[in-house]
**Q** 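One structure coming up, written as structure tokens, with questions to follow.
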Amino acid sequence: MKLNIFLVPSTNVPALESKFESVGLRMIHESEQHGWQARFYFSANEEPNPIPWVETYADFFQEEQPANLIYFAAYTFRKDELLFVLTYGKSHFYVRPFCDHDFGIEMAKRIGNESDIKQTASKKFAGKKKKEIKSYARNTPLNIESGESVDYLRAAIEADMRDTFGRVGKFGSSMLIGAPVTRHQIGSLLDAVSTRMQQAPRFKLPRTTVITDDEQLCLYNGKLLNAILAGDDSPEFAYDAHEVVGVELVFAGNERYTLSYRGGNKRELGEDSLDLTALRSYIADERIGRNEILNIRVRIDNEGQKSYSKRLGEALEFVVEGENVMLSHGRWVRFNEDYVDQLNVSLDGIEVDNTEPELRIIDMEEGAFNNWEVVQRLGYVGADKDFSKIKIAMSTPIEAWDLQKGGAVYAVKFGTTQKLGYACDQASNVLEIIRNNANTKRLNQRFTSYCLWFGFKLKSVPNSISDTNSIILKQKIDAWARRCRDLGVEPRLKFSQRS
């Protein structure tokens, strides 16, 4: 029997029942099954659904135009604090907003066979590849890259559980299985599901979910606004090495920023002056109310390129401390522990160079540091503002790296995690240009290792990059390191403290 099973948190049950009523789902049967209170809802008054191609050829029909009657249903099972919903037809559209989005993936970790994966759908938050669907041959083991989030998994079910759950399952927000049960045995099957949910997972499966619940969005937007207004530096403006705007490839480097608000004055900012101090000043001067702050727009102008703008909520990055929740590209996203653990393991695999005693604490800007006689005496050759290393077909100048020593090149960046993330974007952009050599006129120097040299504006330098609190920075470093390895270049890190 094919069953598409959702789990709905008890706090969402009243809203789900209201949704059923609003879309015309009426309870037509109620019973008890293995201790579960079961209710069957059916769309008895479904409206005829017009057929597009019939409308195209309307004059061909002698009588009234035919239409499709599309029925749908939902079967709910409730016991104590648990509510499972079985969906039929389009009812899954109405259940999904209220469900526990981790339920299907969590069940996959408990009943799926990680050595026999049929298909995965995943996404990434850093790097060029954002979404990917993969299909596999029989008996292919699970292989998830760090920084990759699994949205959907189709897998064989473990042999010792097939008598209960069937042979193959599809897992995402819900669980779709072909269980060997009759309709009178659904309650017994859900008892088995409940039991499995209490057991430890058999393998890890990194997962992120986009937060859509209005109450949670209000909560996290409130935390962001508190941080903006209270002088907290944890929100950061997102800097990208390049963006595609329309059909233009816009490179970062010489931007000018303008803050605007409907009904208010615009404020033009100079280069590199887009920060929280400028934002707070603008909010205060324009007397922008708390509820309107996220509607501020940020305009980006780059000479010779098309201008574009973003809402403030799309221009900021923010991590909610202790909750594995982040704002990225205007969306609130939650990461499960498997995602964070796998990302940290990958980052800990990047070699960290020892920093010379003279360079462990820095009290100067990057440009001065790169030309500092102490740096040169230690064997580093400056390449800051040297645009001759890489030549591309476009006229846009490319700064390849800042320092070089033997076969190693160094991208140097001091400051906040926001600025360090910008260095990752620039380094990844250089690697992408090298990889796509059709656009490269000349690569003047070869190198065997690429090192990100970070000067942290912190009280103490972390022992490992996985010790930092910014999951955004971690994602960017992991994506950069993977790109290095794809090109046969060793990724390395080096840490100093920026006083």
Side-chain angles (χ1 to χ4, degrees), residues 5-23 74 76 78 81-85 87 91-107 109 122-125 130-131 149-152 171-175 197 205-230 232 234-236 238 289-296 310-341 343 469-472 474-475:
I5 306 171
F6 287 87
L7 173 64
V8 176
S10 57
T11 54
N12 291 350
V13 172
L16 177 65
E17 291 175 341
S18 296
K19 186 65 175 181
F20 280 0
E21 184 176 355
S22 69
V23 299
T76 68
R78 188 169 190 172
E81 294 299 313
L82 288 176
L83 177 73
F84 290 105
V85 184
T87 59
S91 64
H92 63 92
F93 287 115
Y94 305 125
V95 175
R96 194 175 302 276
F98 306 98
C99 77
D100 178 343
H101 290 280
D102 291 328
F103 164 68
I105 292 296
E106 289 300 317
M107 282 301 296
K109 291 157 59 176
S122 61
K123 63 175 176 282
K124 287 191 173 184
F125 292 85
K130 297 300 183 183
K131 293 184 179 180
S149 164
V150 178
D151 289 331
Y152 164 85
F171 307 92
S173 294
S174 65
M175 174 177 68
M197 287 171 57
L205 202 55
R207 160 88 162 166
T208 62
T209 53
V210 176
I211 299 172
T212 58
D213 178 76
D214 289 339
E215 185 174 340
Q216 292 187 52
L217 290 175
C218 183
L219 171 67
Y220 292 124
N221 281 331
K223 290 179 181 288
L224 171 62
L225 291 169
N226 289 342
I228 292 173
L229 295 174
D232 187 344
S234 53
E236 299 176 344
R290 176 186 174 93
N291 293 337
E292 296 297 325
I293 288 175
L294 296 182
N295 290 323
I296 294 172
K310 298 179 178 181
R311 288 181 60 253
L312 182 62
E314 297 171 340
L316 288 173
E317 294 177 338
F318 179 61
V319 176
V320 180
E321 186 176 354
E323 296 196 45
N324 287 347
V325 171
M326 66 174 280
L327 175 68
S328 178
H329 301 291
R331 298 185 304 168
W332 286 102
V333 180
R334 176 176 285 106
F335 301 84
N336 68 3
E337 291 298 328
D338 291 352
Y339 181 96
V340 178
D341 290 346
L343 185 60
N469 293 324
S470 175
I471 196 168
I472 299 169
K474 291 179 182 181
Q475 290 170 330

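Worth knowing before you read on, the calculation uses all heavy atoms, side chains too, and leaves out hydrogens, waters and symmetry mates. We count residues from 1, following the sequence as given.
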**Q** Once you round to the nearest 0.5 Å, how far does NZ of K223 lie from CG of L327?
**A**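 If I round to the nearest 0.5 Å, the distance is 14.0 Å.
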**Q** Between V13 and R78, is the side chain to side chain contact (heavy atoms under 4.5 Å, CB included) condition met? List the steps.
**A** CA-CA 10 Å; V13 172; R78 188 169 190 172; 3.6 Å; yes
**Q** If you look at every heavy atom in D100 and P9, which pair is closest and at what distance?
**A**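 Closest approach of D100 to P9, heavy atoms only: N-CD, 3.6 Å.
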**Q** Taking it one step at a time, do W332 and V320 satisfy side chain to side chain contact (heavy atoms under 4.5 Å, CB included)?
**A** CA-CA 10 Å; W332 286 102; V320 180; 3.7 Å; yes
**Q** Which distance, rounded to the nearest 0.5 Å, do you find between the CG of L83 and the CZ of F98?
**A**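 Separation between the atoms: 12.0 Å.
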**Q** Hey, what do you get for CG (L205) to OH (Y339), rounding to the nearest 0.5 Å?
**A**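 Here the rounded value is 13.0 Å.
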**Q** Under the criterion side-chain contact (heavy atoms from CB on, under 4.5 Å), which of H101, E337, E106 is the partner of R207?
**A**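 Single side-chain contact (heavy atoms from CB on, under 4.5 Å) partner of R207 among H101, E337, E106: H101.
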**Q** Please, which pairs that meet side chain to side chain donor-acceptor pair (under 3.5 Å) have at least one residue in residues 12-22, sequence neighbours excluded?
**A**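 Matches after skipping sequence neighbours: none remain.
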**Q** Go through the steps for N324 and I471 under the test side chain to side chain contact (heavy atoms under 4.5 Å, CB included), then give the verdict.
**A** CA-CA 8 Å; N324 287 347; I471 196 168; 5.6 Å; no
**Q** Of the non-hydrogen atoms in F335 and T208, which two are nearest, and what is the gap between them?
**A**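 So the two residues come closest at CD2-CG2, 3.1 Å.
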**Q** Quick one: closest heavy-atom pair of R290 and G222, and the distance?
**A**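 It is NH2-O, 3.2 Å.
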**Q** How many angstroms lie between CD in E317 and CG in L224, if you round to the nearest 0.5 Å?
**A**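 Going from CD on E317 over to CG on L224, the span is 12.0 Å.
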**Q** Apply the test side chain to side chain contact (heavy atoms under 4.5 Å, CB included) to residues T76 and F20: give CA-CA distance (whole Å), side-chain angles for both, the deciding distance (0.1 Å), then the verdict.
**A** CA-CA 11 Å; T76 68; F20 280 0; 4.0 Å; yes
**Q** Would you give the length of the straight line joining atom CG of L217 to atom CZ of R331, rounded to the nearest 0.5 angstrom?
**A**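 The CG atom of L217 sits 12.0 Å away from the CZ atom of R331.
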**Q** Give the minimum heavy-atom separation between L7 and F103, together with the two atoms involved.
**A**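 Closest approach of L7 to F103, heavy atoms only: CB-CG, 3.7 Å.
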**Q** Does D341 have any salt bridge (Lys or Arg N to Asp or Glu O under 4.0 Å) partners at least two apart in sequence or in another chain, and if so, which?
**A**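 In terms of salt bridge (Lys or Arg N to Asp or Glu O under 4.0 Å), with neighbours along the sequence ignored, D341 is linked to K204.
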**Q** Rounded to the nearest 0.5 Å, what separates atom OG in S10 from atom CG in L16?
**A**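 Result: 12.0 Å between the selected atoms.
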**Q** Mind listing the closest non-hydrogen atom pair of R311 and L294 along with its distance?
**A**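 Smallest heavy-atom distance, with atoms named: NH2-O, 3.1 Å.
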**Q** Output all residues satisfying side-chain contact (heavy atoms from CB on, under 4.5 Å) with S174, sequence neighbours left out; order by chain, then residue number.
**A**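 In terms of side-chain contact (heavy atoms from CB on, under 4.5 Å), with neighbours along the sequence ignored, S174 is linked to N4, F6.
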**Q** Should the pair R334-D102 be classified as a salt bridge under the 4.0 Å nitrogen-to-oxygen rule?
**A**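 No, no charged N to carboxylate O under 4.0 Å.
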**Q** Looking only at non-hydrogen atoms, find the nearest pair between F171 and I105 and report the distance.
**A**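 What the structure gives for the nearest pair is O-CD1, 4.0 Å.
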